[in-house]
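Working notes for the structure below.
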Amino acid sequence: MRKLKNSELDRLSVDGFKTAKKTPIIIILDNIRSLNNIGSVFRTSDAFLIEKIYLCGITATPPHKDIHKTALGSTDTVVWEHVENTLELTKSLQSKGVKICAIEQAEQATMLNTFTPEPETKYALVFGNEVKGVAQDVVNASDYVIEIPQYGTKHSLNISVSCGVVLWDVFSKMSLL
C-alpha cells in the first residue's frame, strides 16, 4: 500500500471551498486562550466544510503567526467573525432557528454517542475555555449539552481534540440523514 501524495488527494481550492455547500454546523469558541487550539479548530472546520466559526470574548483572531502555524491556511477558507459576548450570540442564533449545543460535562448531559441530529437543522457547537469550560450562562441557555464519554483518569480532553471528536461524530450522523 502506497501513501498518497498531497497532489493526489483531490482537495478543493480556496475558491472551490468558498463556493462548496457547507455542513450546517457553526463553531463557537468561548474564550479560548491557546492560539494553537484556535488554529487547530480552523483546520478541523475546513476538513468538514463547516459553515462559520465565531471567536468570542478573549479568543484571538487571525492573522496571527501562532494561529497560522496550526491552521495551515484554513483561516482563508473558513468564514469567521469575532463577537464579544457568547451568550448574546447564542440567543441571536437561536432566534434564527439554530440549535445551540454546549460541549460540556454537566448534569443530565446527552452523551455524544447517543446524540442524534435532527434532519434539516443547523447546529452551533460551543467549545469552552481550556480551564473553565463553557460559561455557565451559555450552558443554561443551550438547547443541548453534549458530553464526550471518557473512561480513563483524566477529567477532560484538549479543546482541539474535543472539537475533532465532536465534529467527526456529528458530521457522520448528518451525512446519514
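We're numbering straight along the sequence, starting at 1.
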Distance-minimising heavy-atom pair for Leu55 and Pro62: CD1-CD, 3.8 Å

Thinking salt bridges, do Glu8 and Arg2 make one under a 4.0 Å N-O criterion? yes

Looking at Ser142 and Asn140, would you say the former's side chain and the latter's main chain have a donor-acceptor pair under 3.5 Å? no

pair Ser34-Glu130: side-chain heavy atoms closer than 4.5 Å: yes

Taking the six-membered ring for Trp, is the centroid-to-centroid distance between Tyr123 and Phe171 below 6.0 Å? no

If I take atom OG from residue Ser162 and atom CD1 from residue Ile103, how far apart are they, to the nearest 0.5 angstrom? 8.5 Å

Rounded to the nearest 0.5 Å, the CG atom of Leu89 sits from the CG atom of Leu93 at a distance of 4.5 Å

Flag side-chain contact, heavy atom, 4.5 Å: Ile27 against Tyr54: no

Please tell me if the side chains of Leu49 and Phe17 come closer than 4.5 Å, counting only heavy atoms from C-beta onward. yes

Is Arg33 close to Val131 at the side-chain level, that is, under 4.5 Å between some pair of heavy atoms? yes

Measuring from Leu72:CG to Thr75:OG1, what's the distance to the nearest 0.5 Å? 9.5 Å

Minimal non-hydrogen separation, Asp76 against Val14, with atom names: O-CG1, 3.9 Å

To the nearest 0.5 angstrom, please state how far the CZ atom of Phe115 sits from the SG atom of Cys101. 4.5 Å

Distance only, no hydrogens: is a donor on one side chain within 3.5 Å (strictly under) of an acceptor on the other, for Asn158 and Ser160? yes

Which heavy atom of Val78 sits nearest to which heavy atom of Ser45, and what is that distance? CG2-C, 4.0 Å

If you define the side chain from C-beta out and look only at heavy atoms, does anything of Lys99 sit under 4.5 Å from Tyr144? yes

Mind running side chain to side chain contact (heavy atoms under 4.5 Å, CB included) on Val145 and Thr110 for me, showing each step along the way? CA-CA 6 Å; Val145 177; Thr110 301; over 6 Å; no

Under the criterion side chain to side chain contact (heavy atoms under 4.5 Å, CB included), I'd like the reasoning laid out for Ser172 against Asp169: C-alpha separation, chi angles, the key distance, then a yes or no. CA-CA 5 Å; Ser172 297; Asp169 185 80; 5.9 Å; no

If you measure from CG on Leu29 to SG on Cys163, what distance do you get to the nearest 0.5 Å? 7.0 Å

Side chain to side chain, Ile26 and Ile53, heavy atoms closer than 4.5 Å: no

Quick one: does Val170's side chain get under 4.5 Å of Thr23's, heavy atoms only? no

So NZ of Lys132 and CG of Asp30: to nearest 0.5 Å the spacing works out to 11.0 Å

With a 4.5 Å limit on heavy-atom distance, are the side chains of Lys22 and Ile50 in contact? no

